[in-house]
Amino acid sequence: MKRIITFAAVIILALAATSEARIKVKGRGATMNFDPGSIPANFQASFEMMSKKCIKCHTMERTVIAIQTGRAPITGQPFDKQAVKAYGIKMLRKPNSDMNKQEIREIVILLNYLLDENAR
Ligand code: HEC
């Protein structure tokens, strides 16, 4: 009996872990974004900033798809941590990006976290 309970507990924990690991997405097309409810409290501020700053030239759909598929949708390049960093620097250099170094750093940390969560 004890064994069955232990086994059941392990299964429940495993299910809970997988359902929490994935970052949920809300909306379609232009309104698509990560579900704010699946972003932990310590990342909420960065998430809000990203949702404002990163929709100046295109929608969040591009970023969501890159995180979900691990591929940058326009160029087809792998979207891994190295790409996130390179892309952050690229954005920073765009004259009209309206972002500073600190903001880019926060967004890069957030995107790395999202990549980790989605890879689980
Ligand atoms: C100044 C305008 C501008 C801003 C602001 C901007 N982007 Fe972009 N983004 C672009 C352009 C233009 C492209 C098309 C490909 C390129 O130039 O890299 C693009 C492409 C992308 C891609 C696809 C890259 C590829 O290689 O397929 C992703 C992912 C992305 N942006 C994420 C972001 C994130 C995250 C932010 C906020 C940090 C952001 N963008 C802010 C202009 C912008």
Side-chain angles (χ1 to χ4, degrees):
M1 189 60 189
K2 242 185 192 168
R3 246 191 220 167
I4 292 172
I5 291 171
T6 311
F7 183 69
V10 166
I11 296 288
I12 289 165
L13 281 177
L15 286 176
T18 47
S19 64
E20 263 175 40
R22 290 238 145 207
I23 301 294
K24 293 181 187 71
V25 168
K26 267 190 168 167
R28 299 234 146 254
T31 65
M32 185 190 270
N33 198 355
F34 302 104
D35 182 353
S38 61
I39 305 292
N42 57 324
F43 281 119
Q44 282 291 337
S46 309
F47 175 68
E48 256 177 54
M49 183 180 55
M50 176 174 79
S51 304
K52 282 193 201 107
K53 296 273 180 175
C54 299
I55 57 166
K56 210 183 151 209
C57 313
H58 51 74
T59 65
M60 278 303 292
E61 184 182 19
R62 215 174 259 190
T63 308
V64 171
I65 288 172
I67 294 282
Q68 278 186 327
T69 62
R71 279 210 173 258
I74 309 299
T75 56
Q77 294 295 310
F79 198 75
D80 51 16
K81 288 189 180 178
Q82 224 175 321
V84 166
K85 199 173 172 199
Y87 197 79
I89 294 165
K90 193 177 177 183
M91 279 298 112
L92 191 61
R93 291 208 181 119
K94 282 191 198 276
N96 51 350
S97 72
D98 189 28
M99 278 183 264
N100 62 39
K101 223 174 183 172
Q102 181 56 33
E103 290 168 335
I104 290 285
R105 188 174 300 145
E106 277 181 42
I107 292 172
V108 166
I109 292 169
L110 171 63
L111 289 176
N112 281 338
Y113 165 78
L114 294 173
L115 273 178
D116 278 343
E117 283 302 299
N118 249 12
R120 284 201 215 200

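As the structure lists them, so they are numbered: ligands from 1, and atoms in each ligand from 1. The chain is numbered in sequence order, starting from 1. FYI, side chains are in, hydrogens and waters are out, and symmetry mates aren't considered; it's all heavy atoms of this structure.
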Pairwise side-chain contact, S46 with I109, heavy-atom cut-off 4.5 Å (strictly under): no
Atoms (protein N, O or S; no water) under 2.8 Å from atom 8 (Fe) of ligand 1: 2
Which residue and heavy atom of the protein sit nearest atom 15 (C) of ligand 1, plus the separation: I74 CG2, 4.4 Å
Selection residues 98-120 - residue pairs positive for ring-ring contact (aromatic ring centres under 6.0 Å, His included), sequence neighbours left out: F43-Y113
Close side-chain approach of L114 to L111, heavy-atom, < 4.5 Å: yes
Numbered atoms and elements of ligand 1 in range of N96, under 4.0 angstrom, heavy atoms: 1 (C)
Residue portion contacting ligand 1 (non-hydrogen atoms closer than 4.0 Å) for K90: side chain
Proximal atoms of ligand 1 relative to A72 (non-hydrogen, under 4.0 Å): 24 (C), 25 (C), 26 (O), 27 (O)
Residue pairs, two or more places apart or on separate chains, that pass ring-ring contact (aromatic ring centres under 6.0 Å, His included) and touch residues 63-89: none
Min side-chain heavy-atom separation M50-M60 under 4.5 Å: yes
Backbone or side-chain N or O of G76 under 3.5 Å from ligand 1 N or O: no
Heavy atom of the protein closest to atom 26 (O) of ligand 1 (residue, atom name, distance): T75 OG1, 2.5 Å
Atoms of ligand 1 close to K94 [distance to a heavy atom under 4.0 angstrom, numbered from 1]: 1 (C), 12 (C), 17 (O), 42 (C)
CD (Q82) with more than 12 external heavy atoms under 6.0 Å: no
Subset of ligand 1 atoms that lie under 4.0 Å from at least one heavy atom of P73: 23 (C), 27 (O)
Contact check, side chains of H58 and I74, non-hydrogen atoms, under 4.5 Å: no
Those atoms of ligand 1 less than 4.0 Å from some heavy atom in M99: 5 (C), 37 (C), 38 (C)
Counterpart residues, salt bridge (charged side-chain N to carboxylate O under 4.0 Å, His left out), relative to K81 (two or more places apart): D116
Test item: K53 side-chain N/O and D98 main-chain N/O as donor-acceptor pair under 3.5 Å: yes
Check: E103 side chain, N100 main-chain N or O, donor-acceptor pair, under 3.5 Å: yes
Within-4.5 Å side-chain heavy-atom neighbours: I67 and I23: no
For A66, the ligand 1 atoms whose distance to one of its heavy atoms is below 4.0 Å: 29 (C)
